[in-house]
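Comments concern the structure below.
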Amino acid sequence: MLYVVDLHKSYEGAELLNGVSISVRESEIICLLGASGSGKSTLLRIIAGLEMPDSGQVLWDGKDLGSTPTHLRNFGLMFQDYALFPFLNVAENVAFGLKMQNLPKTEINLQVDAILKQVNLQGYETRKVTELSGGEQQRVALGRVLAPRPRLLMFDEPLGALDRSLREDLLAELRRVLRKSRVPVIYVTHDQEEAFALADRILLLHDGVICREGSPEELWRDPGSGWAARFLGMGNILSGQTLDEGRVKTSSGTFRTGDCQHSHKAGERVDVLIRPEVESGPLDGENHLEGLVKDVNFSKNGYRVTLQSDLYFILPEAPRVGERLSINLPEWSVQCLG
Amino acid sequence: MVQMRRTLPWLGASFFLLLFFFYPLIRILGMGLDWSGLKDGWNQVARLAGMTLWFTFYQAILSTLLTLIAGLPGAYLFAHYDFRGKKLFKSLTAVPFMLPTVVVAAGFNALLGPQGWVNGILMNLFHLDHAPILFMNTLGAILLAHVFYNITIVFRLVGNAWMRLDPQHGQAARMMGAKPWEVYWKVSLPLLRPAIMAAALLVFLFDFTSFGVILLLGGPQFSTLEVEIFIQSVQMLNLPLAALLSIIQILFTLAFSVFYSRVVAKVEVVNKPSSNPMRKVNTWRARLMVAILLILLGSLIILPMVSLPLRSIVRFDPAMGERTLQTASLTLDHYKELFINRNGSLFYVAPIEAVRNSLRYAVLTVLISLVFGFPVASALARPGRLERSLDPFLMLPLGASAVTLGLGYIVSFNQPPLNLLTSPWLVPLAHSTIAMPFVIRSLQPALAAIPDNYREAAAVLGAPPLRAWFAVNWPLVGRATLAAGTFAFTVSLGEFGATSILARPENPTLPLAIYRFLSQPGALNYGQAMAMASLLMLVATVAIMLIERMRLPGSGSF
């Protein structure tokens with residue numbers, strides 16, 4: 001369906017997109033994940049036709065859209081702060097795209113009713129959008145982007161402006177609506193939890209290129225690089241050097257790893273990921289680590305324990321600060337990254 | 001004690017405005033409602049009032065529409081494009097708005113009048129013995145001058161709103177299939193509607209109360225309420241009728257002002273500040289559009305302002321032995337004449353006396369308006385409940401008509417204990433009343449911008465209060481005071497409406513002298529009017545540019 005081929009875009013001499021290629025298949029939800037300023041929004045705007053790339057192509061079903069203006073592309077884009085029209089009420093906002101298609105009035109009214117029902121806004125037809133809450137505005141924006149039945153839906157950090165509890169509710173609702181619509185979706189966010197909750201496939205945008213892509217499970221299993229693991233908040237990242245027999249040497253000791261010998265030659269410099277979800281207790285093998293507890297604080301899944309070496313682990317019980325701790329690192333918890 | 005300190009700054013200005021603004025208006029009100037003094041029958045009065053009111057509305061609506069049509073493309077240009085000379089052009093567009101009416105009238109006369117450039121050139125080219133273009137004393141002249149005057153309001157109000165429009169609204173519409181023109185029509189226009197409404201109302205208000213332009217360019221057959229008040233009070237000496245017309249005028253301007261402030265309140269709410277990137281002019285279509293707009297706007301604004309000084313140093317003479325050909329030659333005679341008191345001239349003094357009068361009045365106006373305006377502005381800078389409730393009253397003189405004010409002075413200050421009609425303070429007092437809102441509005445943002453802790457820091461460092469104020473506040477306030485003073489100076493120099501009623505014939509101001517010279521036939525009178533108007537324009541332009549540079553960004557709105 002959508003192919004984006006080798007896009008380049010620079011702003012005032014600085015390279016923002018440096019050869020980005022992505023594809024979106026039918027009824028697939030992809031999440032484009034990257035730090036702020038990484039060019040995610042620019043990529044969306046190029047796909048939308050709101051900006052022109054310096055080079056590269058946007059193809060839909062094999063057809064180059066380079067000369068197709070925005071309003072003929074039939075893509076939908078939901079903006080971060082929604083860009084609802086303050087001079088129109090809720091129903092008129094939703095109807096805007098349908099009116100642009102010159103549909104008959106009765107048809108428009110029917111579709112608006114259906115959409116408002118879909119986003120749980122029945123009875124809001126004549127309300128002013130400026131008087132709605134953030135969550136309600138978000139639903140209006142969602143309804144407005146769905147109404148013209150675009151062939152591709154794009155979301156630019158749509159939950160960014162909302163507070164946490166509301167975000168989780170709306171994320172679930174968004175998932176339901178998007179799954180049902182079966183339209184391909186590109187969802188841009190810097191929040192990895194959002195991406196993992198929503199995506200069929202996640203694309204990591206870093207340094208102007210897609211540095212890693214895959215299903216949430218694949219990414220979680222192998223983030224691919226030290227940067228990606230750090231960005232996704234997966235654990236401790238150390239720099240190290242591979243030894244023979246699947247061992248890796250770091251500043252905190254030498255560890256045996258699950259798969260380093262397959263992917264890396266001995267003697268190579270690598271980033272090492274040490275996942276924090278491990279156990280403390282009597283040492284029972286080669287892979288272990290000891291240290292003084294520097295800091296303990298409560299987190300959702302247990303206690304986040306930081307050692308003197310600045311490594312942290314999530315443990316079910318809280319040790320005392322200053323206590324000496326031994327930690328077992330099973331082979332799966334130590335990983336060499338590209 | 002606290003109460004005292006809060007009310008003290010208001011005493012001076014309140015006293016001043018009560019005596020020199022509200023009291024005269026109330027006297028007019030009393031006089032206008034006392035119908036026993038009317039000389040004419042009711043039918044006659046109603047007919048005159050009706051006709052005048054109709055024309056006032058007619059020309060104001062027409063002028064407003066034309067100003068919008070001419071101003072919106074310029075607003076678009078300023079809001080979206082970056083081009084060379086934009087800053088200069090933008091500050092240039094601020095000049096017409098503040099230019100004295102007599103200067104504008106003289107400028108258009110120099111360009112399109114019977115002895116102006118265009119007619120002179122056409123007559124020479126085609127060997128005509130009459131000026132081919134009849135411009136003076138037409139409705140067209142009034143409308144053109146009004147567009148010239150007020151187009152800046154559209155540039156500024158609508159242009160700023162346009163610049164701050166969230167570009168995402170347009171993009172959202174494009175994503176939903178709106179064609180580019182549909183984006184303008186169905187998204188930008190509705191978003192800009194409050195700003196356009198505000199600009200239109202303000203333009204309308206100025207056109208509605210227009211005086212000098214109508215009198216000087218429209219000639220005897222056109223009269224608005226403002227002109228009719230002048231004619232009835234000065235030429236017909238029918239003060240009761242003038243007062244009645246004044247009441248009608250006050251009622252309408254009051255209604256429009258209230259409406260305007262409500263619309264303005266809306267503008268603030270709708271537009272949140274967000275900056276759009278400016279487009280470069282790099283396609284040939286953009287280049288063509290920018291070029292055409294700049295040429296049109298430039299000729300509207302610059303041609304009259306250039307024609308005037310050029311015309312003042314050029315003499316058109318019939319060529320030897322030719323009936324229709326004229327020769328143009330450079331001359332400084334018009335300026336030399338200013339110093340000569342010719343016998344049989346309209347003046348008992350040399351025209352340069354008018355310059356002297358104007359300067360004297362302007363300096364007095366600066367002093368009076370600063371002395372009374374400064375304490376109020378500093379009180380307004382830290383507004384309490386008292387300040388907020390009194391603030392709108394201070395701005396009232398802005399909407400009041402100058403001619404009515406002048407008339408009010410005539411009927412209020414004509415007997416002891418306040419017999420000011422022969423006093424040299426009469427004109428500066430009127431000018432100060434008119435300048436006061438401008439002075440307060442230029443000072444207030446600067447005073448409000450001074451953080452309290454500057455003065456506190458100076459005090460902690462050991463500076464006594466007065467010393468602290470001068471050491472810390474004055475550097476910041478000085479600029480604003482200079483701007484406010486210049487504002488008052490410019491207002492006084494160019495003021496025509498009130499002055500035309502109040503000034504004594506033997507003590508004319510510069511605008512009055514120009515008006516008299518312009519209404520007399522003869523090339524010499526014309527040339528002297530051009531010379532004086534050029535001087536006035538020079539001073540006013542320098543002053544306006546100074547104010548533009550001095551005032552804080554974002555301040556000085558109406």
Side-chain angles (χ1 to χ4, degrees), chain A residues 11-12 41 44-52 68-89 92-103 108 128-131 140-158, chain B residues 80 82 157-158 160-200 262-286:
Chain A
Y11 274 109
E12 284 150 12
S41 298
L44 273 201
R45 294 168 59 81
I46 290 174
I47 296 171
L50 294 169
E51 271 176 55
M52 286 294 136
T68 310
T70 300
H71 66 277
L72 298 178
R73 292 194 181 190
N74 194 17
F75 295 166
L77 169 61
M78 188 167 138
F79 292 87
Q80 181 169 9
D81 37 16
Y82 317 138
L84 295 176
F85 301 137
F87 50 90
L88 301 179
N89 65 27
E92 289 164 338
N93 261 288
V94 173
F96 190 92
L98 300 168
K99 279 190 184 142
M100 290 300 122
Q101 296 172 356
N102 295 318
L103 295 178
I108 292 179
K128 290 178 87 169
V129 290
T130 45
E131 287 163 2
V140 179
L142 181 60
R144 190 177 72 168
V145 78
L146 289 172
R149 296 173 196 271
R151 48 188 185 171
L152 170 73
L153 275 169
M154 295 184 280
F155 293 85
D156 190 358
E157 310 223 7
Chain B
H80 291 90
D82 241 347
L157 284 183
V158 182
N160 284 345
W162 216 330
M163 202 156 65
R164 293 200 310 253
L165 275 196
D166 189 346
Q168 290 194 345
H169 284 124
Q171 291 165 357
R174 301 257 286 140
M175 291 305 297
M176 287 184 279
K179 298 176 196 68
W181 69 265
E182 283 176 314
V183 175
Y184 284 115
W185 192 247
K186 294 186 173 159
V187 179
S188 302
L189 194 67
L191 285 171
L192 287 173
R193 195 179 295 139
I196 294 176
M197 271 297 281
R262 295 177 77 169
V263 172
V264 167
K266 239 177 167 175
V267 178
E268 314 279 318
V269 175
V270 170
N271 294 321
K272 53 172 186 172
S274 79
S275 59
N276 286 349
M278 286 282 166
R279 273 177 251 168
K280 294 256 180 338
V281 185
N282 46 18
T283 63
W284 70 266
R285 257 178 70 182

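These numbers come from a predicted model, not from an experiment. Just so it is clear: chains get the letters A, B, ... in the order the sequence lines come, proteins before strands, and each one is counted from 1.
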> Which atom pair, heavy atoms only, marks the closest approach of Ala172(B) to Arg144(A)?
Replying inline: CB-NH2, 3.4 Å
> Out of curiosity, Asp81(A) CG to Gln168(B) CD, how far, rounded to the nearest 0.5 Å?
Replying inline: 4.5 Å
Enumerate, atom names and distances included, each donor-acceptor pair closer than 3.5 Å involving a side-chain atom of residues 148-155 of chain A, sequence neighbours excluded.
{"from": "Arg151(A)", "atom 1": "NE", "to": "Arg73(A)", "atom 2": "O", "distance (Å)": "2.9"}
{"from": "Arg151(A)", "atom 1": "NH2", "to": "Arg73(A)", "atom 2": "O", "distance (Å)": "3.0"}

>> Less than 4.5 Å to any heavy atom of chain B: does that hold for the side chain of Leu98(A), its backbone, both, or neither?
In response: neither
> So which part of Phe75(A) gets closer than 4.5 Å to some heavy atom of chain B, the side chain, the backbone, both or neither?
Replying inline: both
> Given that the side chain runs from C-beta out, which part of Leu50(A) has a heavy atom under 4.5 Å from chain B: side chain, backbone, both or neither?
Replying inline: side chain
> Do you know which of Ala141(A), Gly97(A), Gly49(A) has the most heavy-atom pairs with chain B at a distance under 4.5 angstrom?
Replying inline: Gly97(A)
Which donor-acceptor pairs under 3.5 Å do the side chains of residues 173-196 of chain B make with protein atoms, sequence neighbours left out?
{"from": "Arg174(B)", "atom 1": "NH1", "to": "His71(A)", "atom 2": "ND1", "distance (Å)": "3.0"}
{"from": "Glu182(B)", "atom 1": "OE1", "to": "Lys179(B)", "atom 2": "N", "distance (Å)": "2.8"}
{"from": "Tyr184(B)", "atom 1": "OH", "to": "Tyr76(B)", "atom 2": "OH", "distance (Å)": "2.9"}

